[in-house]
There are 2 protein chains.
Amino acid sequence: MKIGELSRRTGASIRSLRYYEAQGLIAPLRESNGYREYSPLAEEQVRTIRFYLQLGLTTEQIAGFLNCVLSRPETFCTEVLPVYESKLADIEAQIAQLTRIRDNLTDRIASFRGESQQGEGESMRDERSERR
Amino acid sequence: MKIGELSRRTGASIRSLRYYEAQGLIAPLRESNGYREYSPLAEEQVRTIRFYLQLGLTTEQIAGFLNCVLSRPETFCTEVLPVYESKLADIEAQIAQLTRIRDNLTDRIASFRGESQQGEGESMRDERSERR
DNA sequence: CTTGACCCTGACATTAATGGCAGGGTGTAT
DNA sequence: ATACACCCTGCCATTAATGTCAGGGTCAAG
């Protein structure tokens, strides 16, 4: 299978497939004319790569356990768990941060609504509060 | 006040202060030797800029309403509300996306725990589910 | 032989705010 | 004058995956 077909089958752009190769995630053979030749298993492999990318893992992290998860169930690959745990910690921190900002924004939007109709006992002062 | 002092007072790096100027957020005078001379009001102005940056707004968005909010309470500046609303929509989408990923990660981590002790009636198969 | 659909490599762009360096001027105190 | 603390501009780097050129082979069908 050549790169165009693999791209069509997996939804990954040709550019991305070449990038995965440069990152050591996949290693197609080369035909005598220099064209990449992918084995049929590459299709599953690329889907797996894209799945982990969607989870927010980097190509470097994926490279660390891809061989393992391709050959057996993920839960048997001890390299995977710490990656998941650290990613989870990241995400939770991001969610916490975004939630703080969201709450701040909703408060501020609400104070527009209050201000535009009538001051309902609220301070008219510019209240730019931090919530760190 | 020169740039070093303003930097010390506000916590913004000198580099950042020059960047804010390049983005049209602040316009110090120049002394005959080319040094920037900031008015005392600049301190408040920079704090305001940094506050909005922490809310995740871009310098371009801030430029759109900074003059207004510096001279009156934020809630009187009609340019601000749509910016807040669109930023809020962004943030909520990001939170939703991160939450999906987080839930996926926690599920997968949980299945490690199940797998490592004994299969408790769970499928041993690699269950890589999507949750879109 | 030409057309058209493939494939190749290499390189630059993207995003936004910030860090950091090089090379150089200014100003004050010793 | 020399040292030292400032200031200036301009430029490159950062991050990670992807898009998008340019410039060039390959190969089948007509």
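Here is how names work: the chains are called A, B, and so on, in the same order as the sequence lines, proteins then strands, and each is numbered from 1. Below, all heavy atoms of this structure are taken into account, side chains as well, without hydrogens, waters or symmetry copies.
When rounded to the nearest whole Å, the span between CG of B/Leu17 and C1' of D/dC7 equals 13 Å. If you take CD of B/Glu21 and P of D/dC7, they are 14 Å apart, rounded to a whole angstrom. Between the CD1 atom of A/Ile62 and the P atom of D/dA16 there is a distance of 12 Å, given to the nearest Å. Between the CG atom of A/Leu57 and the C1' atom of D/dA17 there is a distance of 14 Å, rounded to whole Å. For B/Tyr20 and C/dA17, the OH to C1' distance is 8 Å, given to the nearest whole Å. In this structure, the CD1 atom of B/Ile3 is 17 Å from the P atom of C/dT26, given to the nearest Å. Distance, B/Leu53 CG to C/dA16 P: 12 Å, rounded to whole Å. Distance, B/Arg30 CZ to D/dC8 P: 6 Å, rounded to whole Å.
Note on B/Arg36: every side-chain N or O is 4.0 Å or more away from OP1 and OP2 of C/dT26. The phosphate of C/dT18 (OP1 or OP2) has no side-chain N or O of B/Tyr19 nearer than 4.0 angstrom. The shortest distance between the side-chain N/O atoms of A/Asn33 and the OP1/OP2 oxygens of C/dC7 is not below 4.0 Å. A sub-4.0 Å separation between OP1 or OP2 of D/dA17 and a side-chain N or O of A/Thr59 is present.
Here the side chains of A/Tyr20 and A/Leu17 are in contact, with some heavy-atom distance below 4.5 Å.
Partners of B/Thr106 according to the side chain to side chain donor-acceptor pair (under 3.5 Å) rule, which considers only residues two or more places apart in sequence or in another chain, do not exist here. With sequence neighbours excluded, the residues forming a side chain to side chain contact (heavy atoms under 4.5 Å, CB included) with A/Ser39 are A/Leu41, listed by chain and number. With sequence neighbours excluded, no residue satisfies ring pair (Phe, Tyr, Trp, His ring centres under 6.0 Å) with A/Tyr38. Take A/Glu85 and apply the side chain to side chain donor-acceptor pair (under 3.5 Å) test, not counting sequence neighbours, and it matches B/Arg113. The side chain to side chain contact (heavy atoms under 4.5 Å, CB included) check on A/Glu43 picks up A/Leu6, A/Arg9, A/Thr10, A/Arg47, with sequence neighbours excluded. Remark: A/Tyr84 engages no residue in a ring pair (Phe, Tyr, Trp, His ring centres under 6.0 Å) (not counting sequence neighbours).
For the pair B/Arg108 and A/Glu74, the salt-bridge criterion is met [side-chain N within less than 4.0 Å of a carboxylate O].
For the pair B/Lys2 and A/Glu60, both in contact range of DNA chain D, the more 5′-proximal nearest nucleotide belongs to B/Lys2.
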Expected rows: protein N/O vs nucleotides 19-22 of chain D N/O, under 3.5 Å:
residue, atom, partner, partner atom, Å
D/dG19, OP2, A/Ser13, OG, 2.6
D/dG19, N7, A/Arg15, NE, 3.3
D/dG19, O6, A/Arg15, NE, 3.4
D/dG19, O6, A/Arg15, NH2, 3.2
D/dT20, O4, A/Arg15, NE, 3.1

Any protein N or O atoms within reach of nucleotides 23-25 of chain D? Criterion: under 3.5 Å, listing atom names and distances.
residue, atom, partner, partner atom, Å
D/dG25, N2, A/Tyr35, OH, 2.8

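The same atom, P, is picked in D/dG19 and in C/dT15; the two are 14 Å apart, to the nearest Å.
From B/Arg102, atom CZ reaches atom NZ of A/Lys87 across 14.0 Å, with rounding to the nearest 0.5 Å.
Contacts classified as disulfide bond (SG atoms under 2.5 Å apart) and involving residues 4-104 of chain A (residues at least two apart or in different chains) are given here: A/Cys68-A/Cys77. Legend: side-chain hydrogen bond (donor to acceptor under 3.5 Å, both in side chains) pairs involving residues 23-35 of chain A, not counting sequence neighbours, sorted by first then second residue: A/Glu21-A/Arg30. For the side-chain hydrogen bond (donor to acceptor under 3.5 Å, both in side chains) condition, no pair includes a residue of residues 55-69 of chain B, sequence neighbours left out.
Taking five base pairs at each end of the helix from C/dC1-D/dG30 to C/dT14-D/dA17, the local helix axes there meet at an angle of 10°, rounded to 10°.
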